[in-house]
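Per chain, numbering begins at 1; letters A, B, ... match sequence-line order. Basis for what follows: all heavy atoms, side chains included, without hydrogens, waters or symmetry-related copies. Note that the structure is a prediction, hence the values are computed from the model and not measured.
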There are 2 protein chains.
Amino acid sequence: MSAPQDCPGCAAPDLAFAAHDHAHCAQDALARAEALTATTGARLTPVRRRVLEILLEEHKALGAYDVLARLATEGFGNQPPVAYRALEFLVEQGLAHRIQRLNAFTACVHPGEDHAPAFLICRTCHTVAEAEATAARAALDTEAARTGFQVERSTIEALGLCPNCRGQA
Amino acid sequence: MSAPQDCPGCAAPDLAFAAHDHAHCAQDALARAEALTATTGARLTPVRRRVLEILLEEHKALGAYDVLARLATEGFGNQPPVAYRALEFLVEQGLAHRIQRLNAFTACVHPGEDHAPAFLICRTCHTVAEAEATAARAALDTEAARTGFQVERSTIEALGLCPNCRGQA
DNA sequence: TGTATGTATGTAATATCATAACACGTCAAG
DNA sequence: CTTGACGTGTTATGATATTACATACATACA
Ligand SMILES: [Zn+2]
Ligand SMILES: [Zn+2]
Ligand SMILES: [Zn+2]
Ligand SMILES: [Zn+2]
């Protein structure tokens, strides 16, 4: 596991649209996940680890049943709770995120770092990039506070065209 | 139909948590919806209008099947497409919004006005307030632009505690 | 070592959310 | 009065998610 700055892709993982060494990108995220769970005591069991690997294969979101199909062919259980439980674990540990618009899940690109993520979803190539949403989240908190509402969890997602697909249009 | 400033609740409809004359609030939104569809030529038929009325009863989000159950008792069709089609129409016309986190729908509190909505969802009383998200949306657009991504539609939702429920905790 | 306890996994059944495909009725244009 | 667009209704099916219960497996500790 190398330091983030060794890898352009990993140093700025919100640039999922840019060409980058994704094998490294995925390995790095997995290594971070292992390090993180080791410190928290959370158990990254074989199913859970495998689900994370599957999510890390691409910067896309996978539905629970897509993940389940993969697991089933690899000898794990083939009933929905198998996938949903592993995904729930990953989300709770901050190793994956749920994309509400897609009813699907994507691996977190910088697990362990406290971050407010937004997700940029390309409607053409279905790439999902995790972007920095600190400013948007702050704006949301501020607006909510005006009404006395206290934000606990936020969902910030954008649907549109990624730079690659824009070029082709 | 009175001007917005005549009604404290309607003038600041993002204050759904505050006590307000909700009958007026709902009537006003319905009147605006009628005016809007009259100008655009969209047909606010009986089912569609009734669905909007149902959504306007409370500042909550209703699932398609909740709406459908209501329609069925009133002599409309009782199959899912009846509800989904009416809801889809309302969303397209900007008379209702879909709440992604809840797989549910809520009436728009200021139809016809161009607005970037965020939704504040109380996890206790399930009230859904439509808040102003221009700032959050701008922050999202800016961050997306850094990666060359062009935002077409955004989902900005917050889950938390409304002022009333905070008081009771 | 044996046993209790908590946690993870597997499975069956079911619940919830959403759409495809087709039939029928209405209304306005030609 | 026919055609075509649109809205509504219905059947059937697909997609997403959870509940409940059974089984395996790890750890703690008598
Ligand atoms: Zn990558
Ligand atoms: Zn794309
Ligand atoms: Zn109101
Ligand atoms: Zn509340």
Side-chain angles (χ1 to χ4, degrees), chain A residues 33-34 37-38 40-55 60-93 95-106 121 126 155 157, chain B residues 33 37-38 40-55 60-93 95-106 121 126 128 155 157:
Chain A
E34 282 173 341
T37 53
T40 64
R43 295 171 54 192
L44 190 61
T45 62
V47 213
R48 292 167 174 176
R49 188 191 151 107
R50 188 71 194 108
V51 170
L52 181 55
E53 287 171 358
I54 290 169
L55 292 181
K60 307 230 149 132
L62 284 181
Y65 280 75
D66 297 328
V67 169
L68 179 58
R70 293 285 302 275
L71 291 178
T73 66
E74 298 175 12
F76 295 101
N78 71 340
Q79 297 302 313
V82 173
Y84 279 103
R85 284 193 289 229
L87 289 165
E88 181 187 32
F89 169 86
L90 294 174
V91 170
E92 275 171 0
Q93 300 301 317
L95 305 177
H97 299 286
R98 180 177 187 123
I99 309 300
Q100 301 286 352
R101 267 196 103 94
L102 302 177
N103 292 327
F105 302 83
T106 193
I121 308 162
H126 306 117
T155 298
E157 298 173 0
Chain B
T37 52
T40 64
R43 295 172 54 191
L44 190 60
T45 62
V47 213
R48 293 167 173 176
R49 188 192 151 105
R50 188 70 194 111
V51 170
L52 180 55
E53 288 172 358
I54 290 169
L55 291 182
K60 308 228 150 133
L62 284 181
Y65 279 74
D66 297 327
V67 170
L68 179 59
R70 293 286 302 274
L71 291 178
T73 66
E74 298 175 13
F76 295 100
N78 71 341
Q79 298 303 313
V82 173
Y84 279 103
R85 284 193 291 229
L87 289 165
E88 181 187 31
F89 168 86
L90 295 174
V91 170
E92 275 171 1
Q93 300 301 315
L95 305 177
H97 299 287
R98 180 180 186 118
I99 310 299
Q100 301 286 352
R101 262 196 109 93
L102 302 177
N103 292 328
F105 301 83
T106 193
I121 307 162
H126 306 118
V128 173
T155 299
E157 298 173 359

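The interatomic distance linking B:Glu74 (CD) with D:dG9 (P) rounds to 12 Å, in whole Å. Atom-to-atom, CG of A:Leu102 to C1' of D:dA15 comes out at 14 Å; the value is rounded to the nearest Å. One interatomic measurement links the two molecules: CD of A:Gln79 to P of C:dT9, which rounds to 15 Å at whole-angstrom precision. Atom CG of A:Leu87 and atom P of C:dT9 are 12 Å apart (whole Å). Rounded to whole Å, atom C1' of C:dG10 lies 19 Å from atom CZ of A:Arg50. Residue A:Glu92 contributes atom CD, which lies 13 Å from atom C1' of C:dA8 at whole-angstrom precision. Atoms CG (A:Leu68) and C1' (D:dA15) sit 13 Å apart, rounded to a whole Å. What separates CG of A:Leu71 from P of C:dT9 is a distance of 11 Å, to the nearest Å.
Contact annotation: the side chain of B:Thr40 approaches that of B:Gln93 to within less than 4.5 Å [non-hydrogen atoms, C-beta and beyond].
Nearest approach of A:Ile99 to A:Ile121, heavy atoms of both residues: CG2-CD1, 3.6 Å. The minimum heavy-atom distance between A:Ala61 and A:Leu102, with the atom names listed, is CB-CD1, 4.0 Å.
A close approach under 4.0 Å does not occur between any side-chain nitrogen or oxygen of B:Arg43 and OP1 or OP2 of D:dC6. Close to C:dT16, at under 4.0 Å from its OP1 or OP2, lies no side-chain N or O of B:Asn103.
Residue whose closest nucleotide on DNA chain D sits further toward the 5' end, between A:Ala104 and B:Pro81: B:Pro81. Between B:Gly63 and A:Gly77, the residue whose closest nucleotide on DNA chain C is further toward the 5' end is A:Gly77.
Of the inter-residue distances, the one linking A:Asn78 atom CG with A:Leu71 atom CG reads 10.0 Å to the nearest 0.5 angstrom. With rounding to the nearest 0.5 Å, the separation of CG in A:Leu62 from CZ in A:Arg70 is 8.0 Å.
For B:Pro80, whose side chain is taken as the heavy atoms from C-beta onward, the closest listed nucleotide among D:dT16, C:dC17, D:dA12 is D:dA12. Taking every side-chain heavy atom of B:Thr45 into account, D:dG7 is the closest of D:dG7, C:dT9, C:dC17. You'll find that the side chain of A:Tyr84 is closest to D:dT16, out of D:dG9, D:dT16, C:dA8.
Using a 4.0 Å heavy-atom criterion, one finds that A:Arg85 contacts the bases of the nucleic acid, with or without backbone contacts as well.
Residue A:Tyr65 and nucleotide D:dT16 are classified as a stacked aromatic pair, their ring centres being separated by less than 5.5 Å at an interplanar angle below 30°.
Side-chain atoms of A:Glu157 come within 3.5 Å of backbone N or O of A:Arg101 as a donor-acceptor pair.
Base pairing in DNA chain D yields stems of at least 3 consecutive Watson-Crick or G-U pairs, both distances under 3.5 Å, namely C:1-30 with D:1-30.
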Listing, residues 79-88 of chain B side-chain donor-acceptor contacts under 3.5 Å, not counting sequence neighbours, or none:
none

